[in-house]
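Only a predicted model underlies this, so the values are computations on that prediction, with no experimental measurement involved. Numbering of ligands and ligand atoms starts at 1, following listing order.
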Amino acid sequence: MKKIVILTGAGISAESGLGTFRDEGGLWAQHAIEDVATPEGFARDAQLVHDFYNARRANAAQAQPNAAHHALARLEAEHPGEVFIITQNVDALHERAGSRNVLHMHGQLDRALCGACGHRWDAPAVMRPEDACPACRVRATRPDVVWFGEIPYGMERIDPALSEADLFAAIGTSGQVFPAAAYGQHARRMGAHTVELNLEDSAASRDFDDCLRGKATEIVPLWVEGLLSRA
Ligand code: APR
């Protein structure tokens, strides 16, 4: 198993206390996507959107990486081949667990973006509509996260990675948001062995050769142990 590519979703951070989106009482049950996670919503009410991301930024800063994040960091450190994490999550728990080779395809809560000049910088704990961009001074600052209708980040790295993967795993994602939801199918078509580690079946489960079911903090460390003992 030379190259391992891993897609993670909100389920891997659930046991760190961060909400998922589509589970019972999830974030999309509490907030209308069109109001807090679209460019149109931001244009309509920037304060509402900043409030939403300020709250998530504060939660994410308080959260601790869990055994699943640590297991993936161990895999990267000990596996003889490349381990590449493509995360849909905007928290920094993979990095805080020690993972280095991480791509945030939906952006990061810890980063800010200027809608006017494209400048990026480390986000302050609280962002406000009246904040001026540190580079161009225009009051067009926003969280550096990918909203619905926008292009995910890193696509130029993701497609080659899926083609070169010997093993592709999806962890804690419901398989309902594209393009990530098709990555298992794509990797399998390109010859990878595919594994889904999730609490329950997802919309993409049929794309996976193996499906491991359970809580991420339980099944991910066992899965990593198995990979490293066979390496
Ligand atoms: N362990 C493992 N899996 C879990 C756990 C857990 N403790 N808790 C929940 N899950 C699973 C759920 O069963 C579900 O399949 O994690 C998945 C979470 O799915 P979503 O809430 O849809 O999150 P995600 O798939 O990451 O959403 C993708 O949608 O709204 C956008 O940009 C947002 O990145 C997000 C994208």
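Scanning the protein for heavy atoms near atom 35 (C) of ligand 1, the closest one is Phe21 CE1, 3.5 Å. The protein heavy-atom contact nearest to atom 6 (C) of ligand 1 is Gly11 O, 3.4 Å. Here the heavy atom of the protein found nearest to atom 13 (O) of ligand 1 is Glu200 OE2, 3.2 Å. In terms of protein heavy atoms, atom 1 (N) of ligand 1 is closest to Ala216 N, 2.9 Å. Remark: minimum distance from atom 15 (O) of ligand 1 to any protein heavy atom is reached at Asn198 ND2, 2.9 Å. The protein heavy-atom contact nearest to atom 17 (C) of ligand 1 is Gly172 O, 3.5 Å. The protein atom (non-hydrogen) at minimum distance from atom 26 (O) of ligand 1 is Ala10 N, 2.8 Å. When hydrogens are left out, the protein atom nearest atom 9 (C) of ligand 1 is Asp23 OD2, 3.2 Å; that is the closest non-hydrogen contact.
Within the 4.0 Å heavy-atom criterion, both parts of Arg22, backbone and side chain, lie near ligand 1. With a 4.0 Å heavy-atom cut-off, ligand 1 is reached by the backbone of Gln88 and by its side chain too. Contacts with ligand 1 closer than 4.0 Å are made by no heavy atom of Ser202, backbone or side chain. In Leu199, the parts holding a heavy atom less than 4.0 Å from any atom of ligand 1 are both the side chain and the backbone.
Considering only heavy atoms from C-beta on, Phe52 comes within 4.5 Å of Leu27 through its side chain. Between Pro143 and Arg111 the shortest side-chain heavy-atom distance does not fall below 4.5 Å. By the 4.5 Å heavy-atom criterion applied to side chains, Val83 and Ile6 are counted as neighbours. Within the 4.5 Å cutoff, no side-chain heavy atoms of Ile151 are placed close to those of Val146.
Between the side chains of Thr87 and Thr8, at least one donor N or O sits under 3.5 Å from an acceptor N or O.
Listed by atom number, the atoms of ligand 1 under 4.0 Å from Gly214 heavy atoms are 1 (N), 2 (C). Shown in contact with Glu15 at under 4.0 Å from a heavy atom are these atoms of ligand 1, numbered in order with element: 1 (N), 6 (C), 7 (N). Close approach of ligand 1 to Ala14 (heavy-atom distance below 4.0 Å) involves ligand atoms 8 (N). Per-residue contacts place Trp28 under 4.0 angstrom from the following atoms of ligand 1 (heavy atoms of the residue considered): 30 (O). Less than 4.0 angstrom separates some heavy atom of Phe148 from each of these atoms of ligand 1: 30 (O), 31 (C). For ligand 1, the atoms closer than 4.0 angstrom to any heavy atom of Gly9 are 26 (O). If you number the atoms of ligand 1 from 1 as listed, the ones under 4.0 Å from a heavy atom of Lys215 come out as 1 (N).
Ion pair Asp201/Arg213 flagged as a salt bridge, since at least one NZ, NE, NH1 or NH2 atom sits closer than 4.0 Å to an Asp/Glu carboxylate oxygen. By the 4.0 Å N-to-carboxylate-O rule, Asp144 lies close enough to Arg120 to be salt-bridged with it. Salt-bridge check for Glu95 with Arg100: failed, with every basic side-chain N at 4.0 Å or more from each acidic carboxylate O. Between Arg139 and Glu130 there is no salt bridge, since no side-chain N of the basic residue sits under 4.0 Å from a carboxylate O of the acidic one.
Ligand 1 lies nowhere less than 4.0 angstrom from a heavy atom belonging to Gln176.
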Could you walk me through whether Asp210 and His193 satisfy the side chain to side chain donor-acceptor pair (under 3.5 Å) test, starting with their C-alpha distance in whole Å, then the side-chain angles of each, then the deciding distance to 0.1 Å, before giving a yes or no? CA-CA 8 Å; Asp210 302 327; His193 182 77; 2.6 Å; yes
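By the salt bridge (Lys or Arg N to Asp or Glu O under 4.0 Å) test, Arg44 is found to be paired with Asp35, residues two or more places apart in sequence or in another chain being considered.
Ring pair Tyr53/Trp147 is tilted by interplanar angle, where 30° to 60° counts as tilted.
Atoms CG and CH2, from Leu113 and Trp121 in turn, are 7.0 Å apart once rounded to the nearest 0.5 Å.
At a 3.5 angstrom cut-off on N or O pairs, Thr173 counts as close to ligand 1. Close N/O approach between Asn89 and ligand 1 is not found [any backbone or side-chain N/O within under 3.5 Å].
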